[in-house]
J.: 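Can you read through this structure? Questions will come right after.
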Amino acid sequence: MVPTIPPADVEELGRQVAGPVLTPQDDGYERETAAYNLATPIRPDVVVSAVDADDVAAALSWAAARRVPVGVQATGHGADGPMQGGLLISTARLQECTVDPQARTARVGAGVRWRSVLEASVPHGLVGLHGSTTDVGVVGYTLGGGLPVLGRTFGFAADHVRSVDVVTPDGRSRTVDAAHEPELFGLLRGGKGNLGIVTAMEFELLPLEGLYGGGIFYPGADAREVLSAWSRWSADLPETVSTSIALLRLPAMDIVPEPLRQRFVLHLRYACTAGEEEAERLLVPMRALPDPVINTVGPMSYRDVDAIHLDPPVPIP
């Protein structure tokens, strides 16, 4: 890759920020730019690893003055397209994570993953509205709206945001909420990364006493029967149940359970916040289908919630 930003400009950027500034020739560049989807190349001319909101503001102002395109990344889960050239601002080092059990709120920096929130909140009987894996960053997920594992019970994660700290493209740091710049606050909750770079977020936590959930894998050859049954069954479920189904063709990799390797399967995902007896009763029609390959549904600690969807635990293509 031929750099398009003069070395003198890169040096000036390094003087304006406290965090590391790296180019493709520097040690650590690959680690700072890597996306979770290994098939998505992220190759900026320069990456800034911001250590605070001031770094983000300085980097944006530097880029605006030079008309350099900007991308932003924290955990890399949101990388849905390649990046070639320009400036990447990494918010992975913004690791503030505080939970207020009395107020039932959490405040996180842009680099915090959901797993860190759960480790702090579950001991208090509180959970955040994360998606299929707690390895994902809180901020990027929520900016996209955030459809949670318990979405039918509690709604979208974005609806539970209290306030957002954001650096807008003019290089200004703002704190926005329902009373302060409410239009920007509303647009951020679903606008993804298009309106500015979020450096921190405060949101509500939800009380949860127990969870009954897991997954059932059915042979792909039974797809017609399983999908028809799931369609009829899911139509009348109460809002205490959140469910989805996926058709998967799984590779022969160590991260895939042995019975599923190189097989085409249907994966039913089930999460119920009702009591154990009611949760089991509601699942009876799907348990009655013949010959599941794997069935992991049952009472679970919320710390094990990733077992419902079994998303890949490591970056893969």
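Position 1 is the first residue of the sequence, and the numbers go up from there. Predicted model only: the values in this text are computed from it and were never measured.
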J.: Before giving the answer on side-chain contact (heavy atoms from CB on, under 4.5 Å), spell out for Val166 and Leu195 the whole-Å C-alpha distance, their side-chain angles and the decisive distance to 0.1 Å.
T.: CA-CA 9 Å; Val166 60; Leu195 301 163; over 6 Å; no
J.: Quick one: closest heavy-atom pair of Arg263 and Val293, and the distance?
T.: NH1-CG1, 3.6 Å
J.: Could you list the donor-acceptor pairs under 3.5 angstrom formed by side chains in residues 116-131, with sequence neighbours left out?
T.:
from: Ser121; atom 1: OG; to: Val117; atom 2: O; distance (Å): 3.0
from: Ser121; atom 1: OG; to: Leu126; atom 2: O; distance (Å): 2.9
from: His130; atom 1: NE2; to: Tyr302; atom 2: OH; distance (Å): 2.9

J.: Show the numbers, then the answer: is there a side-chain contact (heavy atoms from CB on, under 4.5 Å) between Leu188 and Val176?
T.: CA-CA 10 Å; Leu188 283 168; Val176 300; 3.8 Å; yes
J.: Same cluster or not: Leu282 versus Ile308, using hydrophobic residues (I, L, V, M, F, W, Y) connected whenever any side-chain heavy atoms lie under 4.5 Å apart?
T.: no
J.: Looking only at atom types and distance, does a side-chain atom of Ser242 sit under 3.5 Å from a main-chain N or O of Arg152, one as donor and one as acceptor?
T.: yes
J.: Each residue besides Leu147 in its hydrophobic cluster should be listed here, by chain and number; the cluster joins Ile, Leu, Val, Met, Phe, Trp and Tyr at side-chain heavy-atom distances under 4.5 Å.
T.: Phe156
J.: Determine the minimum heavy-atom distance between Ala307 and Met300, stating which atoms define it.
T.: CB-CE, 4.4 Å
J.: Give me the atom names and distance for the closest heavy-atom approach of Val17 to Ala59.
T.: CG1-N, 4.4 Å
J.: So, Asp306 side chain and Thr134 main chain: donor-acceptor pair closer than 3.5 Å or not?
T.: yes
J.: Please round to the nearest 0.5 Å and tell me the distance separating atom CZ of Arg107 and atom CE of Met201.
T.: 10.5 Å
J.: Are Trp233 and Leu268 side-chain neighbours, meaning at least one heavy-atom pair lies under 4.5 Å?
T.: yes
J.: Would you give the length of the straight line joining atom NZ of Lys192 to atom CG of Leu187, rounded to the nearest 0.5 angstrom?
T.: 15.0 Å
J.: May I ask you to check whether Arg269 and Ser244 show a side-chain donor-acceptor distance below 3.5 Å?
T.: yes
J.: Any idea which heavy atoms bring Thr243 and Ser234 closest together, and the distance?
T.: CG2-CB, 4.2 Å
J.: Does the gap between the ring centers of Tyr36 and His77 come in under 6.0 Å?
T.: yes
J.: Counting N and O atoms only, with roles assigned by atom type, does the side chain of Asn194 sit under 3.5 Å from a partner on the main chain of Gly191, one being a donor and the other an acceptor?
T.: yes
J.: Under 3.5 Å, side chain of Arg93 to main-chain N/O of Gly111, donor-acceptor pair present?
T.: no
J.: Which pair of heavy atoms, one from Ser90 and one from Glu32, lies closest together, and at what distance?
T.: OG-OE1, 3.9 Å
J.: Using the rule that Ile, Leu, Val, Met, Phe, Trp and Tyr join whenever any side-chain heavy atoms are under 4.5 Å apart, tell me whether Val284 and Val226 fall into a single cluster.
T.: no
J.: Just do the side-chain contact (heavy atoms from CB on, under 4.5 Å) check on Val21 and Val46 with the steps written out, would you?
T.: CA-CA 7 Å; Val21 174; Val46 59; 3.5 Å; yes
J.: Verify whether one side chain among Asp170 and Thr168 offers a donor that lies under 3.5 Å from an acceptor in the other.
T.: yes
J.: Does the Gln73 side chain pair with the main chain of Thr33, one donor and one acceptor, at a distance under 3.5 Å?
T.: yes
J.: Check the pair Arg281 / Glu276 against salt bridge (charged side-chain N to carboxylate O under 4.0 Å, His left out), numbers first and verdict last.
T.: CA-CA 9 Å; Arg281 183 191 68 80; Glu276 179 178 342; over 6 Å; no
J.: Report the residues that fulfil ring-ring contact (aromatic ring centres under 6.0 Å, His included) with His309, sequence neighbours left out, ordered by chain and then residue number.
T.: none
J.: For a side-chain contact (heavy atoms from CB on, under 4.5 Å) check, start with the C-alpha distance between Thr142 and Phe203, then their side-chain angles and the critical distance, and finish with the verdict.
T.: CA-CA 10 Å; Thr142 305; Phe203 55 94; over 6 Å; no
J.: Hey, is CZ on Arg104 packed in by over 12 heavy atoms from elsewhere, all under 6.0 Å?
T.: no
J.: I need the Thr105 OG1 to His160 NE2 distance, nearest 0.5 Å.
T.: 13.5 Å
J.: Would you indicate whether the side-chain heavy atoms of Pro20 and Tyr29 approach each other to under 4.5 Å?
T.: no
J.: Is Leu38 isolated, or which residues cluster with it under the ILVMFWY side-chain rule of less than 4.5 Å, directly or via members?
T.: none
J.: Should we say atom CZ of Arg31 is surrounded by more than 12 heavy atoms from elsewhere, each under 6.0 Å from it?
T.: no
J.: About how many Å separate CD of Glu258 and CD1 of Ile294, when rounded to the nearest 0.5 Å?
T.: 9.0 Å
J.: Answer yes or no: is there a donor N or O on one side and an acceptor on the other, between the side chain of Asp9 and the main chain of Ile5, under 3.5 Å?
T.: no
J.: Measuring only between side-chain heavy atoms, which start at C-beta, is Val70 closer than 4.5 Å to Leu60?
T.: yes
J.: If you take all heavy atoms of Val256 and Pro251, which pair is closest and at what distance?
T.: CG2-O, 3.7 Å
J.: Any chain of hydrophobic side-chain contacts (each under 4.5 Å) joining Leu150 to Val138?
T.: no
J.: With the side chain counted from C-beta on, respond yes when Glu225 and Pro290 share a heavy-atom pair under 4.5 Å apart, and no when they do not.
T.: yes
J.: Drop me the distance from Glu30's CD to Arg43's CZ, to the nearest 0.5 angstrom.
T.: 4.5 Å
J.: Name all residues meeting the ring-ring contact (aromatic ring centres under 6.0 Å, His included) criterion together with Phe154; count only those two or more places apart in sequence or in a different chain, and write none if there are none.
T.: none
J.: Grouping I, L, V, M, F, W and Y whenever their side-chain heavy atoms are under 4.5 Å apart, do Leu248 and Val149 come out in a common cluster?
T.: no
J.: Among the clusters formed by ILVMFWY side chains lying less than 4.5 Å apart, do Val56 and Leu87 turn up in the same one?
T.: yes
J.: Indicate yes or no for a side-chain donor-acceptor contact from Arg115 to the backbone of Arg303 under 3.5 Å, with no hydrogens or angles considered.
T.: yes
J.: When the side chains of residues 205-224 are checked against the rest of the protein, which donor-acceptor pairs come out under 3.5 Å, sequence neighbours left out?
T.:
from: Tyr212; atom 1: OH; to: Glu280; atom 2: OE1; distance (Å): 2.1
from: Tyr212; atom 1: OH; to: Arg287; atom 2: NH2; distance (Å): 3.3
from: Tyr218; atom 1: OH; to: Met286; atom 2: O; distance (Å): 2.9

J.: Do other residues, nucleotides or ligands put more than 12 heavy atoms under 6.0 Å from the CD atom of Glu239?
T.: no
J.: Once you round to the nearest 0.5 Å, how far does CG of Leu184 lie from CZ of Arg189?
T.: 10.5 Å
J.: Ignoring hydrogens and geometry beyond distance, is a side-chain donor-acceptor pair present between Thr199 and Asp165 at under 3.5 Å?
T.: no
